[in-house]
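So you know, we letter chains A, B, ... as the sequences are listed, proteins then strands, and number each from 1.
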2 protein chains.
Amino acid sequence: MPKRVDHDQRRTLIADALVRVAADQGLEAVSLRHVATAAGVSSGMVQHYFRTKDEMMRFALAVVRERHQLRVSEAVGRLGPDPAPRDLLRALFLTVLPLDPESRAYGRVGLAFLAYTAVRPEAAEPLRADTRDMLDLVTGLIRGANRAVDPAGAAAGLLAVLEGLGVYLLGGHYSAESAVAALEAQLDMIFGPQSPEK
Amino acid sequence: MPKRVDHDQRRTLIADALVRVAADQGLEAVSLRHVATAAGVSSGMVQHYFRTKDEMMRFALAVVRERHQLRVSEAVGRLGPDPAPRDLLRALFLTVLPLDPESRAYGRVGLAFLAYTAVRPEAAEPLRADTRDMLDLVTGLIRGANRAVDPAGAAAGLLAVLEGLGVYLLGGHYSAESAVAALEAQLDMIFGPQSPEK
DNA sequence: TCTTTTACGTTGCAGTTGCAATGTAAAAGC
DNA sequence: GCTTTTACATTGCAACTGCAACGTAAAAGA
């Protein structure tokens, strides 16, 4: 065989090209040749690593999810040990919201995939699992900090605002400031006004 | 000329077919011939009423927005004169959320268009105008009922939860019950627990 | 009545699509 | 050294795409 190649790395290379195409032309512009060109490879190579377009799409979706999870856990890690739940949530949400151009690009792709899975139910399950995880995380944080509210309910609301703010930010309906303000207000409603100390 | 034809009616007929196609196969499946077949007409006729596919897409988007506005104003109208702001908001949001199959179908199309406009900034403005209107409406309702909170901020948060719940409902992340519960909880946080009377 | 306009239907075309098939070169295993 | 396997590149094809072009029938206006 020729130079032993890391399959997963090649697939990721291609998936990254797909993400770039999707970010500025939408998923409709994603074709084998288009992606191959964006990745700087031949379309034959794309076919070599993905037997069908659908397989490529699924892999790209997995890559996007993975990257997102990574950003989340990095944000959590940056806060050091035992951070105040409210601070953790704010930091978490600020990294998830599409506030800078790069995360906006990723956000557009995420939105495109959301619409994509909405008409392909068999591909939607992983996304559901992700929100379940997120829901558990947030619920735990709220439960530990404020026993006056229903933790699961508050978490569900919080995630919904987050998602809604993301969508509105991507569409240019909300400015970055108003989105952050809305987020802050939401945290106030759950944890009481302002951070407890410092 | 032959039998005088209502152009707008024909266009709407075609746009409806487009919506049907988009609802169960996504916008990527929308092609002239596909839409024509779904509408039961020839693709030549589609071309007769829309010079380009883009023109057809824009018109369909306008139809979707229009229908949405109509549902909103009908919901408002159903409540009779001078309803309590909180009741109005709940009724409003319950009609907007994709809870039944039909509104889920429309929701999928809306989501698809959201992703569509995310990579076509020139088509996004009308959607922005719609949320501005919605924002003004909700802000006014909150201002009239509760002066303890910042009306604009609370309205922005409320719309964001609404949007987020819609997305999560479409994706099957939230059940209808938990979405409604989250909505109710959000209203509680703004208006205080439970409806004032009755 | 005759012309012109409108409302389509049909056909065709160049470009793109996903994918199969085939070719080829290189390196691993014997 | 020879075979086999791997990693691609190229080519080809049937199906589809948006769109232009052309045809035709009917009715409105002269």
Side-chain angles (χ1 to χ4, degrees), chain A residues 1-22 24-62 112-113 115-117 119-120 122-123, chain B residues 1-22 24-62 112-113 115-117 119-120 122-123:
Chain A
M1 328 140 181
K3 45 184 172 168
R4 222 48 161 60
V5 162
D6 181 348
H7 268 230
D8 210 62
Q9 178 215 307
R10 296 283 166 145
R11 282 182 213 252
T12 307
L13 178 96
I14 294 168
D16 274 329
L18 189 156
V19 167
R20 265 176 274 135
V21 172
D24 60 61
Q25 309 203 69
L27 278 186
E28 314 153 53
V30 168
S31 72
L32 296 189
R33 284 169 247 255
H34 231 118
V35 169
T37 305
V41 304
S42 75
S43 44
M45 177 170 152
V46 174
Q47 271 192 89
H48 182 67
Y49 287 103
F50 299 105
R51 276 174 304 181
T52 73
K53 183 188 175 183
D54 196 68
E55 198 179 310
M56 179 176 69
M57 296 291 272
R58 283 171 200 277
F59 186 85
L61 174 54
F113 269 116
Y116 181 83
T117 58
V119 289
R120 275 169 200 83
E122 77 280 5
Chain B
M1 333 140 179
K3 46 184 171 165
R4 225 35 162 67
V5 162
D6 181 348
H7 268 230
D8 210 63
Q9 179 215 307
R10 296 283 169 149
R11 281 183 213 252
T12 306
L13 178 95
I14 294 169
D16 275 328
L18 189 156
V19 167
R20 265 176 274 135
V21 172
D24 61 60
Q25 312 204 65
L27 278 186
E28 316 153 52
V30 168
S31 72
L32 296 189
R33 283 169 249 253
H34 231 120
V35 170
T37 305
V41 304
S42 74
S43 44
M45 178 171 151
V46 174
Q47 272 191 88
H48 182 67
Y49 288 102
F50 299 106
R51 277 174 304 180
T52 74
K53 182 189 175 182
D54 195 68
E55 199 179 309
M56 178 175 71
M57 296 292 272
R58 284 170 199 277
F59 187 85
L61 174 53
F113 269 116
Y116 181 83
T117 58
V119 288
R120 275 168 202 83
E122 78 279 6

Testing dC19(C), dC19(D), dT17(D) for proximity to the side chain of Leu32(A), the answer is dC19(C)

Separation of dA7(D) atom C1' from Gln9(A) atom CD, nearest Å, is 14 Å

When rounded to whole Å, the CE to P distance for the pair Met57(B) and dG18(D) reads 10 Å

Quick one: label Val30(A) by what it contacts on the DNA or RNA (base, sugar-phosphate, nothing), any heavy atom closer than 4.0 Å. sugar-phosphate

Side chain proximity check, Val46(A) to Arg33(A), heavy atoms < 4.5 angstrom: no

Checking Arg11(A) side chain against Phe59(A) main chain: does a donor-acceptor pair fall under 3.5 Å? no

Would you say Arg58(B) and Arg120(B) make side-chain contact, with heavy atoms under 4.5 Å?
no

Rounded to whole Å, the NE2-C1' distance (His34(B) to dT17(C)) equals 15 Å

When rounded to whole Å, the CE to P distance for the pair Met45(A) and dC8(D) reads 5 Å

Among dC19(D), dA7(C), dA9(D), the one nearest any side-chain atom of Tyr49(B) is dA7(C)

- Query: Do Val41(B) and Tyr49(B) touch side chain to side chain, with heavy atoms closer than 4.5 Å?
  - Reply: no

Heavy-atom nearest nucleotide on DNA chain C taken for Gly44(A) and for Ala29(A); more 5' hit belongs to Ala29(A)

Hey, does the side chain of Arg10(B) come within less than 4.0 Å of dC8(C)'s phosphate (OP1/OP2), counting only N and O? yes

Of Gln47(B) and Asp6(B), the one whose nearest nucleotide on DNA chain C sits closer to the 5' end is Asp6(B)

*Kindly say if His48(A) contacts the phosphate of dC8(D), meaning a side-chain N or O under 4.0 Å from OP1 or OP2.*
no

From the candidates dG18(D), dA7(D), dG18(C), the one with an atom nearest any side-chain atom of His7(A) is dA7(D)

Among dA7(C), dA9(D), dC19(D), the one nearest any side-chain atom of Ser42(A) is dA9(D)

Arg51(A) CZ to dC8(D) P, in whole Å, measures 17 Å

Would you mind reporting whether Met56(B) and Lys53(B) have side-chain heavy atoms less than 4.5 Å apart?
yes

From the candidates dT10(D), dA7(C), dG18(C), the one with an atom nearest any side-chain atom of Lys53(A) is dG18(C)

When rounded to whole Å, the CD1 to P distance for the pair Ile14(A) and dG18(C) reads 14 Å

N/O (side chain, Ser31(A)) to phosphate O (OP1/OP2, dT17(C)) under 4.0 Å:
yes

Of dA7(C), dC19(C), dG12(C), the nucleotide closest to the side chain of Arg33(A) is dC19(C)

May I ask you to say what Val46(B) touches in the nucleic acid, namely base, sugar-phosphate or nothing, with a heavy-atom cut-off under 4.0 Å? nothing

Atom CZ of Phe50(A) and atom P of dA7(D) are separated, to the nearest Å, by 14 Å

Rounded to whole Å, the CZ-P distance (Arg58(A) to dG18(C)) equals 16 Å

Nearest-nucleotide check on DNA chain D, Ser43(A) vs Met56(B); residue mapping nearer the 5' end is Ser43(A)

Q) Does some side-chain heavy atom of Ile14(A) sit less than 4.5 Å from a side-chain heavy atom of Leu18(A)? A) no

